[in-house]
Amino acid sequence: MPDETPLIKRVPPKRILSPPLNLHPASVPLSLYESTLEYFTSIPWCADLLLSESSPHGFGPAIPFIPQCLMPICDTQDQFIGATLATHPRALKHMLCFFRPQDATQLRDPKRPIQTVDTLFDLGDGLTGYRDIIHGGMTTTMVDEAMCTVNDINQALGKHGLVYKLNSVTVGLEIKFLKPVPVPGVIRVTSWTESTEGRKTRMRCELRDGEGNILVKGSSMWVALDPKL
């Protein structure tokens with residue numbers, strides 16, 4: 001088994017903004033988190049998800065975070081989401097991720113990664129394909145980005161495992177469009193780890209509307225890259 005220590009030193013943790021986790025990247029205003037959380041908690045069904053003490057996915061209230069894709073560190077990285085979609089007034093208006101630990105000790109235990117992450121997307125009418133229906137390419141983007149957040153939060157939390165010490169990329173993605181996704185509006189993508197093996201992670205997700213109807217299902221394979229790449 002190779003020594004992972006050099007890998008940890010060469011690959012920095014993901015840039016996650018989450019005051020509840022004491023994660024605050026330099027140069028990122030705290031107001032980004034505060035305004036996003038305020039927006040989603042103003043929507044009743046989103047507030048129920050974020051503020052409820054009970055959930056089939058975990059223990060206690062949700063722990064929200066702003067994902068790295070919304071906080072580009074330079075003009076050659078994370079541009080599609082953070083510098084293109086998120087800055088257009090009719091595209092991606094808000095995005096917020098959250099999770100719940102399975103119990104009171106999981107968050108502090110480096111051997112127990114977070115398994116499930118929910119992502120809320122506030123979508124504008126500039127993302128349509130057919131009238132009042134989101135473009136399938138944007139749906140695929142959301143599914144891919146949402147599944148990415150599971151490994152990202154575990155990397156930020158310093159969880160053990162090779163896939164959490166390296167940056168991973170999508171090598172395969174399957175998506176099933178079950179029902180049209182209407183826009184504008186807010187949708188929720190629930191993503192979870194199906195399995196990990198060496199440098200590979202298998203993920204699954206479900207995209208739902210505010211009434212809980214499943215509109216899209218997705219699955220993907222991720223591979224952790226050598227930090228030199």
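From a predicted model like this one, the values you see are computed outputs, not experimental measurements.
Only one option out of Asp118, Asp209, Asp122 pairs with Arg188 in a salt bridge (charged side-chain N to carboxylate O under 4.0 Å, His left out); it is Asp118. Here the options are Leu50, Ile63, Thr119, the test is side chain to side chain contact (heavy atoms under 4.5 Å, CB included), and the partner is Phe98; only Leu50 passes.
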> side-chain contact (heavy atoms from CB on, under 4.5 Å) between Val183 and Ile133: does it pass, once the steps are laid out?
Replying inline: CA-CA 6 Å; Val183 285; Ile133 297 173; 5.9 Å; no
>> Leu92 vs Phe121, test: side-chain contact (heavy atoms from CB on, under 4.5 Å). Steps then yes/no.
In response: CA-CA 7 Å; Leu92 179 60; Phe121 294 90; 3.8 Å; yes
> Given Leu85 and Leu127, is the side-chain contact (heavy atoms from CB on, under 4.5 Å) satisfied, shown in steps?
Replying inline: CA-CA 9 Å; Leu85 293 177; Leu127 299 173; 4.2 Å; yes
> How far apart are the C-alpha atoms of Trp222 and Ser220, what are their side-chain angles, what is the distance that settles it, and do they pass the side-chain hydrogen bond (donor to acceptor under 3.5 Å, both in side chains) test?
Replying inline: CA-CA 7 Å; Trp222 295 73; Ser220 63; 2.8 Å; yes
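Taken from NZ in Lys217 to CZ in Arg208, the straight-line distance is 8.5 Å, to the nearest 0.5 Å. Taking OG of Ser219 as the start and CG of Leu173 as the end, the distance is 7.0 Å to the nearest 0.5 Å. Separating the CD1 atom in Ile81 from the CE atom in Met142 is a distance of 9.5 Å, to the nearest 0.5 Å. Met203 CE to Ser195 OG: the interatomic distance, rounded to the nearest 0.5 Å, is 9.5 Å. Going from atom CG of Asp144 over to atom OG1 of Thr149 covers 10.5 Å, rounded to the nearest 0.5 Å. The structure places CZ of Arg100 at 13.0 Å from CD of Gln106, a figure rounded to the nearest 0.5 Å.
Ring orientation note: the planes of His94 and Phe40 are nearly perpendicular, at an angle over 60° on the 30°/60° scale.
Residue pairs meeting the salt bridge (charged side-chain N to carboxylate O under 4.0 Å, His left out) criterion with at least one partner in residues 103-112, sequence neighbours excluded, are Asp103-Arg112.
With sequence neighbours excluded, no residue forms a ring pair (Phe, Tyr, Trp, His ring centres under 6.0 Å) with Phe177.
Closest non-hydrogen pair, Tyr33 versus Pro64, comes out as OH-CG, 3.6 Å. The shortest non-hydrogen separation linking Ser27 to Arg15 is OG-NH2, 4.3 Å. Residues Cys205 and Met147 come closest through the heavy atom pair CB-CG, 3.8 Å.
Not a single donor-acceptor pair under 3.5 Å links the side chain of Arg90 to the backbone N or O of Gly124. Put simply, the side chain of Thr84 gets close to the backbone of Gln79: a donor and an acceptor are under 3.5 Å apart.
Open room surrounds CD1 on Ile73; 12 or fewer heavy atoms of other groups in view lie less than 6.0 Å from it. Other residues, nucleotides and ligands place no more than 12 heavy atoms under 6.0 Å from the CD atom of Glu38.
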